[in-house]
A.B. asks: 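Once you've had a glance at the structure underneath, I'll fire off some questions.
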Amino acid sequence: LTGKVKRGEDPKEGRLGWVAEDTKRKMQAAPSMADITEQNWAALAALERVAKAKGKSLPQVALRWLLQKSVVSSVIIGATKMSQMEDNLGAANGWSLTDEEMAELDTASKPDIPYPYEMIWRANGDRDNSWNPLPYV
C-alpha cells in the first residue's frame, strides 16, 4: 500500500525485496511476487481509484474501509516510521467512504470461497440467516 510494489517489477526493499533476492526465503509472511494474484492487483486498483477520488493515501482508504465495516472490532496498524503513523491516523476521523465505495472495495477484495463452503452456501442460498446475511465479510 505504500507504493513500493509495482506490477512486473521486483521490489527492492522490505519483506518482498528480501524474498526477491532469494526465492528460497519465501514464506507466508514474506511471499514472492509470483504469489500476488490478479485479484490482489484488482483490489489494489480499486483502492487506488477510491484514494484518488477522495484525495487520500492508499493506507488511509484501506484503514477507513476496515473501520467502517461492522464486523471489524479493531484495526491494527504496522507503521515503522513516524510519517507512516501520521498518515495512518488520517484514516481515523473527519471523512468516510460512501456505500458505493465500500461496495467497490468489498467486491474487489472478496475472496474465492473454497470447496466445500461455496457448494454449501450455494445449496443453502434460499435460507434466511439474519445473524449472518452474507457468507463472507
A.B. asks: Any idea which heavy atoms bring Trp41 and Val5 closest together, and the distance?
C.D. replies: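 Scanning both residues completely, I find the closest heavy atoms to be CH2-CG1, 3.9 Å.
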A.B. asks: Hey, is CE on Met27 packed in by over 12 heavy atoms from elsewhere, all under 6.0 Å?
C.D. replies: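 It does: Met27 CE has more than 12 such atoms within range.
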A.B. asks: Any heavy-atom pair between the side chains of Met33 and Ile36 that's under 4.5 Å?
C.D. replies: yes
A.B. asks: In chain order, what residues pass the side chain to side chain donor-acceptor pair (under 3.5 Å) check against Asp10, with sequence neighbours excluded?
C.D. replies: none
A.B. asks: Show every donor-acceptor pair shorter than 3.5 Å between a side-chain atom in residues 42-56 and any protein atom, with sequence neighbours excluded, or say none if there are none.
C.D. replies:
| residue | atom | partner | partner atom | Å |
| --- | --- | --- | --- | --- |
| Arg49 | NE | Glu104 | OE2 | 2.8 |
| Arg49 | NH2 | Glu104 | OE2 | 3.0 |
| Lys54 | NZ | Ser96 | O | 3.0 |
| Lys54 | NZ | Glu101 | OE1 | 3.3 |

A.B. asks: Could you work out, with side chain to side chain donor-acceptor pair (under 3.5 Å) as the rule, every residue matching Glu38, not counting sequence neighbours?
C.D. replies: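 Once residues adjacent in sequence are excluded, the partners of Glu38 under the side chain to side chain donor-acceptor pair (under 3.5 Å) criterion are Arg7.
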A.B. asks: Identify, with sequence neighbours excluded, every residue that meets side-chain contact (heavy atoms from CB on, under 4.5 Å) alongside Asn124.
C.D. replies: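 In terms of side-chain contact (heavy atoms from CB on, under 4.5 Å), with neighbours along the sequence ignored, Asn124 is linked to Ile120, Arg127.
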A.B. asks: With sequence neighbours excluded, what pairs up with Thr37 under the side chain to side chain donor-acceptor pair (under 3.5 Å) test?
C.D. replies: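 For Thr37 the side chain to side chain donor-acceptor pair (under 3.5 Å) partners, ignoring immediate neighbours, are Asn40.
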A.B. asks: For Asp22, check side-chain contact (heavy atoms from CB on, under 4.5 Å) against everything at least two apart and list the hits.
C.D. replies: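 So Asp22 forms a side-chain contact (heavy atoms from CB on, under 4.5 Å) with Lys24, Arg25.
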A.B. asks: Is a donor on one side and an acceptor on the other found under 3.5 Å between the side chain of Gln68 and the backbone of Met102?
C.D. replies: no
A.B. asks: Specify the closest pair of heavy atoms between Leu67 and Ala91, including all atoms of both residues, with the distance to one decimal.
C.D. replies: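 So the minimum-distance heavy-atom pair works out to CD1-O, 3.7 Å.
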A.B. asks: Pairs under 3.5 angstrom only: tabulate donor-acceptor contacts from the side chains of residues 12-20 to other protein residues two or more places apart or in another chain.
C.D. replies:
| residue | atom | partner | partner atom | Å |
| --- | --- | --- | --- | --- |
| Arg15 | NH1 | Ala29 | O | 2.6 |

A.B. asks: Just jot down the side chain to side chain donor-acceptor pair (under 3.5 Å) partners of Asp87, sequence neighbours excluded, or say none.
C.D. replies: Ser57, Gln60
A.B. asks: Set out, in order, the CA-CA distance, both residues' side-chain angles and the distance that settles side chain to side chain contact (heavy atoms under 4.5 Å, CB included) for Trp95 and Val61, then state yes or no.
C.D. replies: CA-CA 10 Å; Trp95 66 285; Val61 172; 4.3 Å; yes
A.B. asks: Measure the shortest side-chain to side-chain distance between Lys69 and Asp106 over non-hydrogen atoms and say whether it is less than 4.5 angstrom.
C.D. replies: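 In short, these two side chains touch, coming nearer than 4.5 Å.
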A.B. asks: Between atom CG of Leu63 and atom CD1 of Ile76, what is the distance when rounded to the nearest 0.5 Å?
C.D. replies: 11.5 Å
A.B. asks: Going by the side chain to side chain donor-acceptor pair (under 3.5 Å) test, which pairs reach into residues 76-85, not counting sequence neighbours?
C.D. replies: Thr80-Gln84
A.B. asks: Shortest non-hydrogen contact from Leu66 to Val72?
C.D. replies: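 Result for this residue pair: O-CB, 3.5 Å.
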